[in-house]
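Since the structure comes first, as structure tokens, the remarks are kept for the end.
Residues: numbered from 1 along the sequence shown.
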Amino acid sequence: GIDNKLGFAVQLTTVRFVGTFLAEPTDVPSDAVAYVATQLGIRDLACLANYAARPATAWEHAAEIRRIYGYRDFTDPAESFRLVRWLYTRAWLSSEQPSVLFDLATARMVERQVLLPGVSILARLVARIRERANARLYRKLARMSSAEQREQLKELLVVPAGARRSPLDQLRRGRPSQPRQDWSRRCDDSVTSVNSALASWTWPTYPRVSSNCWHGAPAPRPDPPGA
């Protein structure tokens, strides 16, 4: 009947634009239902209530849509492997925030007709992959630094007696004041040494390291008008 016809079309439209099937197939904006009904030449929009009253029919239609249009589950081994590899590559080559990776992964799955998982599942996957990429980066940095540089960096984490912040925290808060000039020079020396070693790195790694080095640094002051 027309209720099945409209319900099937609404489910197909939903999965195409939202990337997944809804728990309540008819829980879509009325304007969207009206647009789909117009395309089908259906005037009685109230018939969709009959479709909602038969969950088994909606389930069968969802399975049929998967089969006909080639939609795959997020847990499909091949697609899951491709997604993890794609996310890891982006996490390794760039410093994109988790929210950006989440949105990019969502758009990719919609484009590739992979049904979206729950929000928390995808968020945990993004976080886990970023942790793996960061751990790899930290291991590389640790191996390329000298023992002297490691000791200097450790000293930046120690809060001096009578102080409230560590030298590293002080350096991150802006232009060093006079008492901090010595720490600033020592930090600059370490950064200069590390930068000389970065020149031998392959190009995919260096941009990621450069981006991480600037994380937390104060923003440059804008040029005055007319400069």
Any non-hydrogen side-chain atom of [X] less than 4.5 Å from a side-chain atom of [Y]?
X: Glu60; Y: Glu64; result: no
X: Arg136; Y: Trp92; result: yes
X: Leu40; Y: Lys5; result: yes

As an exercise, state the distance from [atom1] of [X] to [atom2] of [Y], rounded to the nearest 0.5 Å.
X: Gln39; Y: Leu6; atom1: CD; atom2: CG; answer: 12.0 Å
X: Asp103; Y: Leu122; atom1: CG; atom2: CG; answer: 9.5 Å
X: Glu96; Y: Phe102; atom1: CD; atom2: CZ; answer: 14.5 Å
X: Ser30; Y: Leu48; atom1: OG; atom2: CG; answer: 11.0 Å
X: Cys47; Y: Ile2; atom1: SG; atom2: CD1; answer: 4.0 Å
X: Arg124; Y: Ile121; atom1: CZ; atom2: CD1; answer: 6.0 Å

Exercise for the section: Please check if the side chain of Thr38 supplies one atom and the backbone of Ala34 the other of a donor-acceptor pair under 3.5 Å. Expected result: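 At least one qualifying donor-acceptor pair exists.
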Handout entry: Main-chain N/O of Leu87 paired with Arg130 side-chain donor or acceptor, under 3.5 Å
Key =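 No; zero donor-acceptor contacts below 3.5 Å.
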Could you report the tightest heavy-atom contact between [X] and [Y], atom names first, then the distance?
X: Ser166; Y: Leu157; answer: CB-O, 3.7 Å
X: Pro160; Y: Val158; answer: CD-O, 3.3 Å
X: Val36; Y: Ala9; answer: CG1-CB, 3.5 Å
X: Leu83; Y: Ala105; answer: CD1-CB, 4.2 Å
X: Arg164; Y: Val159; answer: C-CG1, 4.1 Å

Sequence neighbours excluded, which residues qualify as salt bridge (Lys or Arg N to Asp or Glu O under 4.0 Å) partners of [X]?
X: Arg85; answer: none
X: Arg54; answer: Asp3
X: Glu151; answer: Lys154
X: Asp73; answer: Arg66

Problem - Residue pair Arg128, Glu131: steps toward the salt bridge (Lys or Arg N to Asp or Glu O under 4.0 Å) verdict - result: CA-CA 5 Å; Arg128 186 167 66 249; Glu131 289 175 0; over 6 Å; no
Handout entry: Trp86 and Arg112: CA distance, side-chain angles, deciding distance, side chain to side chain contact (heavy atoms under 4.5 Å, CB included) verdict
Key = CA-CA 13 Å; Trp86 180 83; Arg112 293 181 60 84; over 6 Å; no
Exercise for the section: Please check if atom CD in Glu24 has more than 12 non-hydrogen atoms from other residues, nucleotides or ligands closer than 6.0 Å. Expected result: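 No, CD of Glu24 has 12 or fewer neighbouring heavy atoms, counting only those of other groups under 6.0 Å.
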Problem - Stepwise side chain to side chain contact (heavy atoms under 4.5 Å, CB included) check, Val84 with Ile129 - result: CA-CA 8 Å; Val84 169; Ile129 290 177; 4.1 Å; yes
Practice task
Give the other cluster members for Val15, using side-chain heavy-atom distances under 4.5 Å between Ile, Leu, Val, Met, Phe, Trp and Tyr residues; answer none if it is isolated.
Solution key: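 Phe8, Leu12, Phe21, Ile65, Ile68, Tyr69, Tyr71, Leu115, listed by chain and number.
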Practice task
Taking only Lys NZ, Arg NE, NH1 and NH2, and the carboxylate oxygens of Asp or Glu, determine whether Glu111 and Arg108 approach each other closer than 4.0 Å.
Solution key: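 Salt bridge: no.
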Problem - Pairs touching residues 25-54 that satisfy ring-ring contact (aromatic ring centres under 6.0 Å, His included), sequence neighbours left out - result: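 Passing the test, one end in residues 25-54: Tyr51-His61.
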Handout entry: Common cluster, Val110/Leu22, ILVMFWY with side-chain heavy-atom separation under 4.5 Å
Key =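 Unlinked, Val110 and Leu22 end up in two clusters.
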Practice task
Following the transitive rule for hydrophobic clusters with a side-chain heavy-atom cut-off under 4.5 Å over Ile, Leu, Val, Met, Phe, Trp and Tyr, establish whether Val119 and Val18 coincide in one cluster.
Solution key: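 Different hydrophobic clusters.
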Practice task
Check step by step if side chain to side chain contact (heavy atoms under 4.5 Å, CB included) holds for Gln11 and Thr26.
Solution key: CA-CA 8 Å; Gln11 284 215 80; Thr26 59; over 6 Å; no
Exercise for the section: Tell me, with the steps shown, if Leu93 and Arg90 meet side chain to side chain contact (heavy atoms under 4.5 Å, CB included). Expected result: CA-CA 5 Å; Leu93 296 181; Arg90 294 197 70 97; over 6 Å; no
